[in-house]
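Notes for the one structure printed next.
Chain letters run A, B, ... following the sequence lines, proteins first, then strands; residues in each count from 1. Computed from heavy atoms alone, side chains included, the values below leave out hydrogens, waters and symmetry copies.
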There are 2 protein chains.
Amino acid sequence: MVRASSVKDVAARAGVSLGTVSNVLNRPDRVSPQTRAKVEQAMHDLGFVRNESARQLRAGRSRTLAYVLLDARNPFFTDVAEGAERAAETAGLSLFLCHSDNRASREGDYLAHLVEQRVQGILVTPVDPQAAVLDDVRRNGTPLVIVDRTRSDDAFCSVAVDDELGGRLAVEHLIERGHTRVAFIGGPDTIGQVRDRLAGARRAWAEAGLPDDQLTVVPTSGLTVVEGRSAGERVMGVARRRRPTAAFCANDLLALGLLQQLSTSGFAVPGDLAIVGYDDIEYASAAAVPLTSVRQPRQELGQRAAELVLDEADNPAHLHQQVVFTPELVARRSTLG
Amino acid sequence: MVRASSVKDVAARAGVSLGTVSNVLNRPDRVSPQTRAKVEQAMHDLGFVRNESARQLRAGRSRTLAYVLLDARNPFFTDVAEGAERAAETAGLSLFLCHSDNRASREGDYLAHLVEQRVQGILVTPVDPQAAVLDDVRRNGTPLVIVDRTRSDDAFCSVAVDDELGGRLAVEHLIERGHTRVAFIGGPDTIGQVRDRLAGARRAWAEAGLPDDQLTVVPTSGLTVVEGRSAGERVMGVARRRRPTAAFCANDLLALGLLQQLSTSGFAVPGDLAIVGYDDIEYASAAAVPLTSVRQPRQELGQRAAELVLDEADNPAHLHQQVVFTPELVARRSTLG
DNA sequence: TTGTATGCGTTATCAC
DNA sequence: GTGATAACGCATACAA
């Protein structure tokens, strides 16, 4: 096909005016059945497809949302995306995914492009929630919602999950199961999520009246399977009578690595060490010993974010809000034996 | 911000004509430094952002590519996307990801929207490579490349990996390691990839002069961890002297499930059963026993696909081509002991 | 019911 | 070096 055909071409072929073709497209009831048939035939013959750019230029707004995410490989984000997708579908919009791959430059490129495209709204899990690029988007009038991060000011809507509560839930569960020596495995503490989960854990520990030094921190340099294995070696290297009887991992990948290391070394889970993970990714329940984990309402997170961005786009009286979801503990064999 | 500002607004504020503003944007060398400074100042003051729709309407083409993929949760596809992303970045384009989630209807919606947007090109791993929706895209003049699937006709460019060769590599490796009773684990055989990998395995088996009935097929109803575990129970339930000494799994998730089942039941890998997986996903090398696996050049797949779609968009003499990449066996402890 | 004219924001061509 | 103007494809207000 040399050139896509336009309403003008359709009009010519159907022997009607350009306005009539437009009416067939947008107010078919105002067109007589015969004329409509003629026009539709012509559209079919020519393989006519609306030009969205022209439409959008005229309408002043587009029919798409976008989610700029940090890591497409992390099931957490794809689940969030799934929730956003559903909300978009309901609103008759398309959702495009943009993978920043944790790189600020790529995130910036995407945001700039999306603003130029005049998308209806942007969801973003930013590399840095404080970064000025986000304010630039706002200045240019594109609605934006921050997902799974929060920002000190309230210049944007945001949706997140209460990580401190998540940490608390994990540790309270372990305390209930009778553990009095627990390891927190996670890091680096530059990650806000890690800090908050640990803070919640500590608070629960203190409230139970347990001595500070029996909740030990085993730092990792990342939230990966490999780091989990290495942490496992450190934890199990401790003399038995001083060794923790349970571990709370800052995410499931760490927990899976830990689990692997233990079974390789002949330790029993939860007999020698009980384990709680975080995120409840699919692999958590599919692990050799199904993992107890803290579940975040991922799809709801995405769905709510999309709803907020649409409200900001449509509702002149829109007010920014910070939505915080409640996590939930899912108990499985790794703590229940 | 009530309304985004346009070149006209900028021109008014800078006290120049609209054409000059355009020159500043597109041919800055034709504008005197003073004028340019004035205009740039005005753009800054107003927070001017180019309207991509108008630009695109004028130019007749957009500056984006899209990849419509089946399953954002599968690391295979996200790696393909990563490769495409790199190629897009090199060409100064943005790549949008569209997640069809294996649903033909959503795939259709996305394709329609992308055609209306007049994107420069579409990469797609389709639910059904033969489906007519793909031809519709072509009829409307949007370049399209099929990724990781092939089609009987050659109406499109496609990039894929030689699955039959992959199956052959896996089985040849096991034969070299001295195995003479092997299980192929995978299914359902409605999936072309599964059929091809098995076909390759059978061919290698026959060429080695081994008896047909010593390559047994253990069917699964999906390519998941859970299915892998259940297959493990079936394989290891066989009396020892008739039991396979090695298994070739149609993908890594199956292999991981199998591995879990074995270690839970006290079997040794590769001592009691050697395992070869397929895809070489990240978790394969991070498994308790690192997995031997067949690696596909995922990023190259995406990169090449993007290059092909750009060639189709730019080059009038473009010819469709079917690119088939060669897989590679990565040997690790699960077969080497 | 159908046709005509206008403008959305940008770019490029052509005078000045 | 700068400014006026037409065109991209569509949707709408209005005229016929």
Hey, are A:His320 and A:Asp154 close enough side-chain-wise for a donor-acceptor pair under 3.5 Å?
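There is no such pair between these side chains.
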So, A:Gln299 versus A:Arg86: side-chain donor-acceptor pair below 3.5 Å or not?
yes
Heavy atoms from C-beta onward define the side chain here; which of C:dC8, C:dT10, D:dA11 lies closest to that of A:Leu57?
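Side chain of A:Leu57 sits closest to C:dC8.
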I want to verify a distance call: between C:dA5, C:dC8, C:dT11, whose nearest atom is closest to the B:Arg58 side chain?
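For B:Arg58, the side-chain atoms sit closest to C:dT11.
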Any non-hydrogen side-chain atom of B:Thr64 less than 4.5 Å from a side-chain atom of B:Leu95?
no
How many whole angstroms separate atom [atom1] of [X] from atom [atom2] of [N]?
| X | N | atom1 | atom2 | value |
| --- | --- | --- | --- | --- |
| B:Asn23 | C:dC14 | CG | C1' | 12 Å |
| B:Asp29 | D:dG1 | CG | P | 9 Å |
| A:Arg55 | D:dC10 | CZ | P | 10 Å |

Strictly below 4.0 Å: does [X] bring a side-chain N or O up to OP1 or OP2 of [N]?
| X | N | value |
| --- | --- | --- |
| B:Ser53 | C:dT10 | no |
| A:Ser17 | C:dG3 | yes |
| A:Thr20 | C:dT1 | no |
| A:Asn51 | D:dC10 | no |
| B:Arg50 | C:dT11 | yes |

Any carboxylate oxygen within less than 4.0 angstrom of a Lys/Arg side-chain nitrogen, looking at B:Glu82 and A:Arg106?
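So B:Glu82 pairs with A:Arg106 through a salt bridge.
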Nearest heavy atom decides the nucleotide; on that basis, is A:Arg30 or A:Leu25 closer to the 5' end of DNA chain D?
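On the 5' side of the pair lies A:Leu25.
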